Amino acid sequence: MRNLENSLGPIRKELLGDLEGNILDVGSGTGVNFEYFSPKANVIAVEPSKFMLDKSELKLPKKANITTYNIDVTDKTLDNIVPQHSLDYIICTLVLCTIPDQKLALDKFKKWLKPSGKLIILEHIHAQKKVNRILQNMANPIWQLVGDGCNLNRDTDVFIKAAGFKLESEHYFKKGLRFYQAIFTV
C-alpha cells in the first residue's frame, strides 16, 4: 500500500491541509492523515484496530491536537465523545469500504456535523465497466478476509448521495482501482 499511499499524498494534503476546527478522522488506520492536519485543527481519530492505532500513535506530530480512540465509528461510546452538531468536518479516507453498516455511520455523521459542517471523502469505489464489476464482485469475499474487511465493490459515491448529503464538489480518478474524492454538506 506504500506506493498507493504516496501517490494519494498530494490529494490528502489538498483535502485536509487547510482545515481548522473540530474534526473526526474516521478509521484513522496507521495515521496517514495526521501529517496533513493543521495545528489549528482539533482532531478526534477513531480506529477499531488496536494494531493500526498503535502504529498511528507513533506518527502523532508534536504540535498536533489529535486524540485517538480505539473504537469503531458506529460504537455508541462515540456519541458520548462527539456531541451533536459539534463537528466542522468528518474525514473518510479509504475507510467507508470497511464499515459494515454504512447507513448507520452516515446517519451519525449527519447528527454530529454542524449545519455548516462538511463530509470529506477519498474512497475507492466499484468499477464502471461490467467486466471489472464482475471481477470485483467475485474477488470481494477473499479480499474482505485479506483486506481487513475492505469491500472492493461498494458504490459509495451513490450511497452517500442517496443518504441525503448535498454534493459540493467531486472528482473521479483511477489508480489501479476507481477512486472518488468529494466534499458534501448536510
Side-chain angles (χ1 to χ4, degrees), residues 1-83 86-102 104-106 108-109 112-113 117-125 143-152 154 156 160 171 173 175-177 179-184:
M1 293 279 300
R2 183 170 285 142
N3 288 339
L4 174 63
E5 286 298 349
N6 287 339
S7 71
L8 294 175
I11 297 169
R12 289 177 191 271
K13 184 176 183 179
E14 174 190 331
L15 289 172
L16 309 177
D18 295 329
L19 302 184
E20 297 180 5
N22 296 321
I23 299 171
L24 177 65
D25 186 8
V26 178
S28 58
T30 62
V32 71
N33 285 340
F34 292 176
E35 70 179 280
Y36 301 108
F37 287 122
S38 161
K40 295 179 181 177
N42 178 34
V43 180
I44 297 169
V46 295
E47 173 55 51
S49 167
K50 179 70 171 132
F51 174 77
M52 300 271 258
L53 190 69
D54 289 345
K55 285 183 163 273
S56 77
E57 289 176 344
L58 300 173
K59 295 180 183 175
L60 286 170
K62 290 182 182 179
K63 292 186 180 181
N65 187 11
I66 301 173
T67 307
T68 61
Y69 293 92
N70 183 211
I71 55 176
D72 183 271
V73 71
T74 58
D75 190 311
K76 290 179 182 175
T77 306
L78 197 52
D79 289 325
N80 298 323
I81 297 167
V82 179
S86 65
L87 297 174
D88 297 292
Y89 301 95
I90 295 177
I91 310 301
C92 294
T93 57
L94 305 182
V95 68
L96 289 173
C97 58
T98 66
I99 296 174
D101 190 344
Q102 277 190 335
L104 177 59
L106 292 171
K108 285 178 172 268
F109 295 171
W112 293 330
L113 281 168
K118 297 183 186 216
L119 174 62
I120 298 178
I121 302 295
L122 175 60
E123 298 286 337
H124 66 81
I125 57 175
W143 184 253
Q144 280 185 296
L145 294 173
V146 297
D148 204 17
C150 174
N151 289 277
L152 291 171
R154 285 197 176 165
T156 301
I160 294 170
H171 175 65
F173 61 97
K175 290 198 180 282
L177 295 172
F179 279 81
Y180 182 64
Q181 164 188 340
I183 300 174
F184 292 91

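Keep in mind the model is a prediction, meaning the values are calculated, not measured.
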key: salt bridge (Lys or Arg N to Asp or Glu O under 4.0 Å) partners for K50, two or more places apart   = D54

task = Just grab all the salt bridge (Lys or Arg N to Asp or Glu O under 4.0 Å) pairs involving residues 70-82, residues at least two apart or on different chains.
result = D79-K108, D79-K111

key: Nearest-0.5 Å distance, CD1 of residue I183 to CG of residue L122   = 11.0 Å

Show me the side-chain donor-acceptor pairs of residues 29-38 shorter than 3.5 Å, one per line, residues at least two apart or across chains.
{"unit_1": "T30", "atom_1": "OG1", "unit_2": "K59", "atom_2": "NZ", "d": "3.4"}
{"unit_1": "N33", "atom_1": "OD1", "unit_2": "R12", "atom_2": "NH1", "d": "2.5"}
{"unit_1": "N33", "atom_1": "ND2", "unit_2": "D25", "atom_2": "OD1", "d": "3.2"}
{"unit_1": "N33", "atom_1": "ND2", "unit_2": "T93", "atom_2": "OG1", "d": "2.9"}
{"unit_1": "S38", "atom_1": "OG", "unit_2": "K40", "atom_2": "N", "d": "2.9"}

Heavy-atom side-chain proximity of I23 to L16 below 4.5 angstrom = no

key: Closest non-hydrogen atom pair, G27 against V95   = CA-CG2, 3.6 Å

message = Donor-acceptor check, side chain of Q102 to backbone of T156, threshold 3.5 angstrom: yes or no?
response = no

query = Are there more than 12 heavy atoms of other residues, nucleotides or ligands under 6.0 Å from atom CG of D101?
reply = yes

task = State whether a side-chain donor-acceptor pair under 3.5 Å links E57 with T68.
result = yes

ask   = How long is the gap from CG on L60 to NZ on K62, to the nearest 0.5 Å?
value = 12.0 Å

request  = Check Y69 against L53 and note the closest heavy-atom contact, atom names and distance.
outcome  = C-CD2, 3.9 Å

message = Show the nearest heavy-atom pair for residues C97 and E123, with the distance to one decimal.
response = N-OE1, 3.7 Å

request  = Decide yes or no on side-chain contact (heavy atoms from CB on, under 4.5 Å) for N151 and Q144, but give the supporting numbers first.
outcome  = CA-CA 6 Å; N151 289 277; Q144 280 185 296; 2.8 Å; yes

task = Nearest 0.5 Å please: distance from the SG atom of C150 over to the CG atom of L96.
result = 11.0 Å

query = How many angstroms lie between atom CD of Q181 and atom CD of E14, to the nearest 0.5 angstrom?
reply = 5.5 Å

message = Between I71 and I81, is the side-chain contact (heavy atoms from CB on, under 4.5 Å) condition met? List the steps.
response = CA-CA 11 Å; I71 55 176; I81 297 167; 4.0 Å; yes

key: Spacing of CD1 belonging to I44 relative to CH2 belonging to W112, to within rounding of 0.5 Å   = 9.0 Å

inquiry  = Show the nearest heavy-atom pair for residues N22 and N42, with the distance to one decimal.
reply    = OD1-ND2, 3.0 Å

ask   = Taking it one step at a time, do L177 and L152 satisfy side-chain contact (heavy atoms from CB on, under 4.5 Å)?
value = CA-CA 9 Å; L177 295 172; L152 291 171; 4.2 Å; yes

query = For the side chain of D88 and the backbone of G117, is there at least one donor-acceptor N/O pair under 3.5 Å apart?
reply = no

query = Of the non-hydrogen atoms in C92 and L119, which two are nearest, and what is the gap between them?
reply = SG-CD1, 4.1 Å

Parallel, tilted or perpendicular: ring planes of F173 versus F179, cut at 30 and 60 degrees = parallel

inquiry  = Using 0.5 Å steps for rounding, measure from the CG atom of L113 to the OG atom of S86.
reply    = 8.5 Å

note = For V73 and A105 the tightest heavy-atom approach is CG1-CB, 4.2 Å

